[in-house]
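Step one of this worksheet: look at the structure below.
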2 protein chains.
Amino acid sequence: MTDTAPRPTLEAVAARAGVSRATVSRVVNGGDGVRDILAERVRKAVEELGYVPNQAARSLVTRRHDAIAVVVAEPETRVFADPFFALQLRGISKELTAHDNQLVLLLTEGRDDHTRVGRYLAGGHVDGALVFSLHLDDPLPELIQRAGVPTVFGGRPGWSGDRRGVVYVDSDNRGGARAAVRHLAGLGRTRIAHITGALDQTSAVDRLDGYRDVMADADPRLIAEADFTPAGGERAMRELLGRCPDLDAVFAANDLTASGALRVLREAGRRVPDDVAVIGFDDMLPVAEQTDPPLTTVRQDIEEMGRLMARLLLRGLDRGTPQEGVGDTPAGVVLPTTLVRRASA
Amino acid sequence: MTDTAPRPTLEAVAARAGVSRATVSRVVNGGDGVRDILAERVRKAVEELGYVPNQAARSLVTRRHDAIAVVVAEPETRVFADPFFALQLRGISKELTAHDNQLVLLLTEGRDDHTRVGRYLAGGHVDGALVFSLHLDDPLPELIQRAGVPTVFGGRPGWSGDRRGVVYVDSDNRGGARAAVRHLAGLGRTRIAHITGALDQTSAVDRLDGYRDVMADADPRLIAEADFTPAGGERAMRELLGRCPDLDAVFAANDLTASGALRVLREAGRRVPDDVAVIGFDDMLPVAEQTDPPLTTVRQDIEEMGRLMARLLLRGLDRGTPQEGVGDTPAGVVLPTTLVRRASA
DNA sequence: GCAGACGGTGAGAGCGCTCTCGCGCCCACG
DNA sequence: CGTGGGCGCGAGAGCGCTCTCACCGTCTGC
């Protein structure tokens with residue numbers, strides 16, 4: 001309504017409770033070493049006045065902010081088009097909330113923004129950062145590393161620089177891919193194709209590697225490059241069909257790509273899974289469940305990834321040795337993936 | 001690497017530039033009333049030392065934070081499952097960034113969280129809030145309103161309380177629905193059904209109202225209630241088909257619902273759009289473009305909605321009269337929707 | 001019965017910044 | 001040459017909090 005009723009200060013609470021500022025402060029921050037009688041009086045005063053600590057004043061002296069930044073690079077791309085991001089955020093948010101930390105969201109748009117983000121992080125406004133950067137050539141990770149902010153990366157950073165002390169959380173893309181391809185092989189398929197994701201992203205590279213792990217001596221023409229989009233999937237599928245009409249299975253780098261491939265297969269009159277078995281990746285529900293037939297795919301626990309990232313960061317912050325993968329703290333944590341069987345394979 | 005190199009303070013910059021703290025402060029904050037010679041010297045010192053103002057110290061005295069909260073209620077629901085949210089955020093982020101504001105993201109999980117959010121907002125940690133709350137009975141809006149934080153709502157808040165001074169941005173759900181139904185009518189369809197969204201959300205209610213605007217005296221059996229999900233769409237479609245086998249068009253409350261309906265229609269052997277024309281709502285790309293046939297739908301400019309919300313809030317903040325729809329500031333801004341014609345109608 | 005220890009409390013400094021105030025300088029004007 | 005008015009700048013207070021330190025009272029041990 002009107003402008004900001006003057007918020008009560010520590011001083012006010014102290015006066016009301018008949019104690020000193022210091023004592024109120026102690027109570028507010030856990031209350032060790034204060035007699036119950038006093039503590040109770042203070043709590044009552046806090047309650048009555050509706051006292052809320054001024055975070056700015058607190059940060060000024062503690063140099064802690066109880067806030068961490070979540071940096072999402074280039075929302076142009078698919079990150080933003082699928083629920084991935086939202087789920088990840090949700091996991092992060094839950095974990096941060098549980099530890100009374102705030103989430104400051106930084107979305108970057110193009111290169112210029114990198115310096116902005118870098119400055120912000122270097123500015124010490126937050127205690128740490130969670131960074132999502134998908135592209136191999138992204139300067140952001142290095143920039144952030146240099147800013148000296150404790151950081152945990154989402155997804156293995158494809159980053160040519162010094163890797164020491166880089167902490168990241170990733171899905172087991174390679175293992176998941178292996179499981180998918182093995183499943184196809186187990187179905188008796190022998191001409192198993194792969195449609196890759198955008199190969200400037202580590203997840204795509206890892207999935208391709210997983211495919212190769214199993215199909216070591218496969219016909220290289222069974223691999224077609226795409227970009228994680230349905231349109232890319234269509235294109236690649238057409239290519240594959242032209243090149244290897246005898247293929248009997250496709251492992252697509254993600255569900256979107258798979259949905260494109262599915263469409264092309266249907267057009268071409270190939271029955272799924274009878275003629276061609278198809279597996280995707282991500283278990284992106286609105287897609288995987290809506291395809292025809294419903295998609296067999298590799299699920300990753302996105303939300304858990306987010307939680308874990310936050311947990312790792314906060315734990316590091318506590319220890320005072322944030323990002324260094326010293327001793328027992330692993331530098332990279334890889335979450336398992338599971339195959340979800342639906343109808344397409 | 002090591003812990004936090006001690007960041008330079010105003011004092012340090014002042015010393016280096018041979019001026020007083022006050023002068024440095026002036027230069028850093030716009031630099032009026034400082035001779036160019038001095039200003040230049042200060043800027044040089046800032047540069048050399050890599051000075052970044054301590055936001056906490058600044059906020060402590062200015063009582064501004066240059067940060068606004070984005071509150072998203074109940075990420076359980078569909079909000080989180082579609083790209084809506086991400087796009088909205090992106091719009092908000094762009095606008096905030098342009099005005100050097102930070103985005104603090106607050107996701108709520110269930111009721112208990114409401115008090116947490118309320119306390120946070122009341123705590124004066126942010127200058128304002130953008131709130132997304134979909135449900136009619138959500139206590140959050142009222143809570144926030146009481147907290148006295150300048151707020152702009154995303155979507156018309158379905159809120160029984162005092163409406164004075166509530167600022168919101170919404171899509172023209174009703175108008176969009178009307179356009180969709182009129183389009184169907186224009187196609188010569190006469191038995192036009194409607195599958196509603198979750199009717200505890202204003203957007204669903206408004207879309208239903210839009211349908212009714214055009215189909216004032218339609219058979220009430222042509223309306224089936226669903227919940228914005230594909231499964232709900234399937235269920236409702238089956239219902240409708242049973243109840244009114246002669247229907248020749250369906251306007252679904254959103255694309256997800258439409259995709260479910262489409263599937264049931266196909267199963268039932270109805271050709272789309274020949275036998276039954278279908279229109280969705282949202283223009284949610286991964287869905288609308290992937291359906292078979294591609295979905296005709298009503299597009300809303302989600303990102304612009306976000307931008308607009310942020311712009312409205314910041315403008316209000318500037319004026320010092322944030323939420324009151326005083327005089328020229330409208331209380332609700334409704335963004336136009338447009339019909340996107342694809343193959344389904 | 002007294003020294004020492006110890007837990008609880010208050011006084012006060014200081015975090016880094018902004019902003020008001022007043023001083024000094026220069027210019028214009030009388 | 002004297003005076004008034006700006007303008008540019010510095011001094012200093014103070015934002016609300018934490019944290020160290022010294023103090024006080026009580027309790028223990030000899």
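By convention in this document, chain letters (A, B, ...) are assigned in the order of the sequence lines, proteins followed by strands, and residues within each chain are numbered from 1. What you see is a predicted model, and the numbers here were worked out from it, not measured in a lab.
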Sub-3.5 Å donor-acceptor pair from the side chain of [X] to the main-chain atoms of [Y], do we have one?
| X | Y | answer |
| --- | --- | --- |
| A:Arg41 | A:Ala17 | yes |
| B:Asp127 | B:Arg64 | no |
| A:His114 | A:Ala73 | no |
| B:Thr62 | B:Arg58 | yes |

**Prompt:** Closest approach of A:Arg26 and A:Asp32, non-hydrogen atoms and distance?
**Reply:**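 Closest pair (atom of A:Arg26, atom of A:Asp32, distance): CD-O, 4.1 Å.
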Polar atoms only, N or O, under 3.5 Å: list the protein pairs with nucleotides 23-26 of chain C and their distances.
none

Next item on the list: Would you please test B:Leu10 and B:Asn54 for side-chain contact (heavy atoms from CB on, under 4.5 Å) and show each step?
Entry: CA-CA 9 Å; B:Leu10 251 204; B:Asn54 180 321; over 6 Å; no
Find every protein N or O atom lying less than 3.5 Å from an N or O atom of nucleotides 14-18 of chain C, and list the pairs.
residue, atom, partner, partner atom, Å
C:dC15, O3', A:Arg63, NH2, 2.6
C:dG16, OP1, A:Arg63, NH2, 2.3
C:dG16, N2, B:Ala57, O, 3.4
C:dC17, OP1, B:Tyr51, OH, 2.4
C:dC17, OP1, B:Asn54, N, 3.2
C:dC17, OP2, B:Leu10, N, 2.3
C:dC17, N4, B:Arg21, NH2, 3.3
C:dT18, OP1, B:Asn29, ND2, 3.1
C:dT18, OP1, B:Arg58, NE, 2.8
C:dT18, OP1, B:Arg58, NH2, 3.3
C:dT18, OP2, B:Ser25, OG, 2.6
C:dT18, O4, B:Arg21, NH2, 3.1

| query | Pick from B:Val27, B:Val34, B:Val42: which one makes a side-chain contact (heavy atoms from CB on, under 4.5 Å) with B:Val19? | reply |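 The single option meeting the side-chain contact (heavy atoms from CB on, under 4.5 Å) with B:Val19 is B:Val42.
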Please determine which of A:Met305, A:Glu304, A:Arg311, A:Arg156 meets the side-chain contact (heavy atoms from CB on, under 4.5 Å) test together with A:Val169.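 It is A:Met305, the one option of A:Met305, A:Glu304, A:Arg311, A:Arg156 that forms the side-chain contact (heavy atoms from CB on, under 4.5 Å) with A:Val169.
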(Q) Could you tell me how far apart B:Asp36 (CG) and D:dC9 (C1') are, to the nearest whole angstrom? (A)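 Those two atoms, CG and C1', are 15 Å apart.
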Does this structure show an ion pair linking A:Glu47 with A:Lys44, if we count only N-O contacts that are shorter than 4.0 Å?
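Salt bridge flag = no for A:Lys44 with A:Glu47.
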Between the axis at one end of the helix from C:dG1-D:dC30 to C:dG30-D:dC1 and the axis at the other (five pairs apiece), what's the angle to 10 degrees?
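Terminal axis comparison yields 40°.
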